[in-house]
Amino acid sequence: MANMKNPVKAIHAFCVDCMGGHESYIKTCTTETCPLHPFRMGKNPYRTPVTRQYTPEQIEELRQRMKYCHEVQRQKKLKENQYE
């Protein structure tokens, strides 16, 4: 637990420990006075998903970036296969 970088995952691990090591019991936890209760499932309930609207120019730029990334990955695989 000391090496965890995500605090919400660390809270989840704490809750597993609190429930005697039984991860399945976390869903049924009734200790709502615990300040960690909303985070017990390993997710932040207060985090809202980000929805973003892209302009056609941004979409085209993203397509070009993805195309470039795929090409770079393909080239790396070709080089790796060459030396095998």
Side-chain angles (χ1 to χ4, degrees):
M1 191 161 115
N3 294 338
M4 290 188 183
K5 295 183 193 255
N6 184 334
V8 178
K9 300 293 181 190
I11 291 170
H12 178 74
F14 174 82
C15 291
V16 170
D17 187 50
C18 180
M19 289 297 185
H22 298 282
E23 192 163 349
S24 60
Y25 292 173
I26 294 174
K27 281 185 180 179
T28 60
C29 176
T30 57
T31 314
E32 294 183 16
T33 56
C34 175
L36 305 178
H37 189 267
F39 303 93
R40 72 191 186 282
M41 298 307 295
K43 297 195 188 288
N44 184 346
Y46 305 114
R47 185 173 184 184
T48 57
V50 177
T51 56
R52 182 172 178 184
Q53 299 296 321
Y54 292 102
T55 65
E57 294 82 19
Q58 289 173 323
I59 292 172
E60 185 56 35
E61 183 181 342
L62 289 170
R63 279 191 185 125
Q64 294 300 321
R65 283 187 197 172
M66 289 301 294
K67 193 174 181 181
Y68 173 77
C69 288
H70 286 293
E71 183 60 29
V72 168
Q73 289 294 329
R74 192 175 75 73
Q75 292 296 327
K76 282 183 181 179
K77 285 183 182 180
L78 286 174
K79 284 182 182 179
E80 289 173 2
N81 290 337
Q82 238 178 12
Y83 298 112
E84 289 180 356

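What you see is a predicted model; the values in this text were computed from it and never measured.
Between the CZ atom of Phe39 and the SG atom of Cys34 there is a distance of 10.5 Å, given to the nearest 0.5 Å. Here Gln64 contributes atom CD and Leu62 contributes atom CG; the two are 10.0 Å apart, rounded to the nearest 0.5 Å. The distance from atom OG1 of Thr28 to atom NE2 of His22, rounded to the nearest 0.5 Å, is 11.0 Å. The CG atom of Asn6 sits 11.5 Å away from the NE2 atom of His12 when rounded to the nearest 0.5 Å. In this structure, CD on Gln53 lies 9.0 Å from CD1 on Ile59, to the nearest 0.5 angstrom. For the atom pair Arg52 CZ and Gln58 CD, the distance stands at 5.0 Å (nearest 0.5 Å).
Under the 4.5 Å side-chain heavy-atom criterion for Ile, Leu, Val, Met, Phe, Trp and Tyr, Tyr54 and Met66 are members of distinct hydrophobic clusters. By the criterion of side-chain heavy atoms lying less than 4.5 angstrom apart, applied directly or through intervening Ile, Leu, Val, Met, Phe, Trp or Tyr residues, Val16 is grouped together with Met41 in one hydrophobic cluster. There is a path of hydrophobic side-chain contacts, each under 4.5 Å, that joins Leu36 to Val8.
With hydrogens and angles disregarded, a donor-acceptor distance shorter than 3.5 Å links the side chain of His37 to the backbone of Cys29.
Under the 4.0 Å criterion applied to side-chain N and carboxylate O atoms, Lys67 and Glu71 are not assigned as salt-bridge partners. Remark: Lys77 does not engage Glu80 in a salt bridge, criterion side-chain N to carboxylate O under 4.0 Å.
What you find for Arg40 and Cys15 is that their closest heavy atoms are CB-SG, 3.6 Å.
With a 4.5 Å cut-off on side-chain heavy atoms, Arg63 and Glu60 count as touching.
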